[in-house]
Protein chains: 2
Amino acid sequence: MMSDDASALSTAQRLRQEIENDIAAGLLIPGERLDEVSLANRFQVSRTPIREALQQLAMAGMVEIRPRRGAVVASLTPERLYEMFEVMAELEAMCCRLAARRLGPSDALALERAHRSCEAVRHDHDAYYRANEVFHQAIYAASGNTFLAEQARLLQRRLQPYRRLQLRVRNRVQNSFSEHERILAALMAGEGEEAAGIMRPHVQVQGERFSDLIASLKLLGAA
Amino acid sequence: MMSDDASALSTAQRLRQEIENDIAAGLLIPGERLDEVSLANRFQVSRTPIREALQQLAMAGMVEIRPRRGAVVASLTPERLYEMFEVMAELEAMCCRLAARRLGPSDALALERAHRSCEAVRHDHDAYYRANEVFHQAIYAASGNTFLAEQARLLQRRLQPYRRLQLRVRNRVQNSFSEHERILAALMAGEGEEAAGIMRPHVQVQGERFSDLIASLKLLGAA
DNA sequence: GAACACTTCCTTGTATACAAGAATGATGAG
DNA sequence: CTCATCATTCTTGTATACAAGGAAGTGTTC
């Protein structure tokens with residue numbers, strides 16, 4: 001009556017989220033087989049809603065369904081990964097440009113808080129990884145374009161298993177944090193192009209960072 | 001043996017494409033109810049694969065599934081539509097920037113051919129609409145980033161029902177064509193930023209064009 | 001005459017049964 | 001000993017039956 005609950009989820013959607021989380025968290029490795037019966041047993045449902053969830057994940061690009069041959073966690077080639085990071089960098093740069101123009105007081109506050117959270121945990125890789133995610137999401141939201149924010153969030157999630165390993169590289173956290181600082185300053189100053197210009201290489205993997213990524217890819221494959 | 005057929009589609013995927021086509025073509029109006037039994041009868045299958053197709057379409061943002069209350073063709077608010085066009089413009093601008101750098105001979109040929117097709121049919125709105133689509137897709141492909149191309153294609157498809165009506169506006173075809181010409185020239189000259197700068201407003205709807213779009217939205221609702 | 005409640009019907013959600021296509025292992029030939 | 005072919009088994013794909021939650025229509029009451 002007061003607020004019609006838009007968070008009402010069908011079973012298939014809940015199942016999708018659960019499986020998606022496992023993929024993002026690295027519990028399900030790229031290339032791993034997703035057996036319908038096992039999943040059904042695990043979640044105590046029949047195969048029907050499991051299949052519906054898998055179809056959703058296939059559209060999201062997180063699993064690959066080979067007809068009559070089952071579903072596997074989608075595995076990305078180095079080329080494709082590079083392409084996705086290229087797009088991610090541009091989406092986030094766009095968020096910066098828009099955010100600088102449209103930044104409201106509450107957005108600014110959220111950004112600063114997220115940034116301080118990053119600072120607080122910058123010696124703990126895993127914690128920094130999570131705080132970093134929140135900081136970037138704050139920028140998406142600040143863009144004022146909810147569709148853009150959703151798309152960025154989606155792609156971020158899709159790249160999560162790969163990004164995760166990447167931060168372990170030496171000094172990456174320190175560099176990441178100081179880049180955040182510059183981005184934040186530019187946004188507050190309303191310098192959208194400036195912020196976008198820092199964001200792009202901050203996100204994109206190229207040169208030696210790309211090599212590092214490929215290395216972690218191989219680690220993933222070996223697991 | 002020679003080429004493993006990646007085009008092998010499951011039934012659910014075929015059904016999704018069919019329904020998606022109907023939505024894009026405007027046969028299914030935003031807000032319209034998608035009855036599982038009717039669809040099942042129409043395609044001569046049971047409800048199971050229909051439901052799988054609907055779940056896919058929900059992930060693609062083309063239908064909305066309200067739990068226990070059925071699926072409807074997704075209807076976009078003017079705000080959301082504006083947001084989506086804003087992102088579309090940026091994606092296409094990005095394609096331009098990349099294409100100018102990476103343009104190969106076959107890409108250039110495809111672009112010129114698509115452009116000449118547009119010219120040939122520029123007095124027929126519907127034919128121009130289709131040729132226009134091909135021209136833009138040629139640019140996506142020329143970006144050399146297949147992921148970007150796919151995303152652009154996806155969003156283009158999602159906006160199709162709205163874009164379609166939009167071209168009917170007076171002089172829009174003529175303006176569109178001359179913008180194409182300038183984009184093409186910039187791309188061939190390797191001027192990525194130049195091409196991107198023309199592409200952005202070419203795609204984005206703003207000012208009076210946005211009003212036109214809202215007007216067609218209302219037409220759509222009345223049908 | 002209008003509003004509310006109750007009942008009925010219709011649609012969606014889920015499980016299960018069955019069909020049919022891969023994968024696997026065994027058996028035989030080279 | 002290796003490779004190919006065939007049978008068996010396992011998994012996916014689809015239909016259908018049943019359950020359960022909305023929607024709509026009817027009747028009653030104020």
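Proteins get letters first, then strands, A, B, ... in listed order; numbering begins at 1 in each. As a basis for the values below, the full set of heavy atoms in this structure was taken, side chains included, without hydrogen atoms, waters or symmetry mates.
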Visitor: Could you check how far CD of B:Glu52 sits from P of D:dT14, rounded to whole Å?
Guide: 7 Å

Visitor: Measuring from the side chain of A:Arg69 (C-beta onward, heavy atoms only), which nucleotide among D:dT16, C:dT11, C:dA23 has the closest atom?
Guide: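 From the listed options, C:dA23 comes nearest.
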
Visitor: Atom CD1 of A:Ile65 and atom P of D:dT11: how far apart are they, to the nearest Å?
Guide: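 Whole-Å distance recorded here is 17 Å.
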
Visitor: B:Phe43 has an atom CZ; how far is it from atom C1' of D:dG13, in whole Å?
Guide: 18 Å

Visitor: Is a donor on one side and an acceptor on the other found under 3.5 Å between the side chain of B:Glu83 and the backbone of A:Phe147?
Guide: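 Looks like yes, one N/O pair under 3.5 Å.
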
Visitor: Would you kindly give the CD-to-C1' distance between B:Glu36 and D:dG22, to the nearest whole Å?
Guide: 14 Å

Visitor: Of the listed nucleotides (C:dT12, C:dG13, D:dT14), which one gets closest to any side-chain atom of B:Thr48?
Guide: D:dT14

Visitor: On DNA chain C, compare the nucleotides closest to A:Pro49 and A:Pro67; which residue's is nearer the 5' end?
Guide: A:Pro49

Visitor: To the nearest Å, how far apart are A:Ile50 CD1 and C:dT14 P?
Guide: 11 Å

Visitor: If you count heavy atoms of other groups shown closer than 6.0 angstrom to CZ of B:Arg102, is the number above 12?
Guide: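 Result for CZ/B:Arg102: enclosed.
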
Visitor: Round to the nearest Å and state the distance from A:Asp35 atom CG to D:dG13 atom C1'.
Guide: 14 Å

Visitor: What nucleotide, of C:dG13, C:dT14, D:dG13, holds the atom closest to the side chain of A:Thr11?
Guide: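 For A:Thr11, the side-chain atoms sit closest to C:dT14.
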
Visitor: Without decimals, in angstroms, what is the distance between B:Leu39 CG and C:dT12 C1'?
Guide: 13 Å

Visitor: Could you tell me whether B:Glu150 and A:Arg80 make a salt bridge, using a distance below 4.0 angstrom between a side-chain N and a carboxylate O?
Guide: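 Result for this pair is yes, salt bridge flagged.
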
Visitor: So, are B:Asp35 and B:Arg47 salt-bridged, with charged N and O less than 4.0 Å apart?
Guide: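 No, no charged N to carboxylate O under 4.0 Å.
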
Visitor: Taking 4.0 angstrom as the limit, do A:Arg200 and A:Glu92 come out as a salt bridge?
Guide: no

Visitor: Within the modelled atom types, does a donor on one side and an acceptor on the other bring the side chain of A:Arg47 and the base of D:dG13 under 3.5 Å apart?
Guide: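 In this structure, the two groups form a donor-acceptor pair.
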
Visitor: Rounded to whole angstroms, how far apart are CD on B:Gln44 and P on D:dT14?
Guide: 14 Å

Visitor: Of the nucleotides C:dT12, D:dA15, C:dG21, which has the atom closest to the A:Arg68 side chain?
Guide: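 The closest nucleotide is C:dG21.
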
Visitor: Give a yes/no answer on whether the side chain of B:Ser46 brings an N or O atom under 4.0 Å of OP1 or OP2 in D:dA15.
Guide: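 Yes, B:Ser46 has a side-chain N/O under 4.0 Å of OP1/OP2 on D:dA15.
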
Visitor: Nearest to the side chain of A:Arg33, heavy atoms from C-beta on, is which of D:dG22, C:dA22, D:dT11?
Guide: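 Of the candidates, D:dT11 comes closest.
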
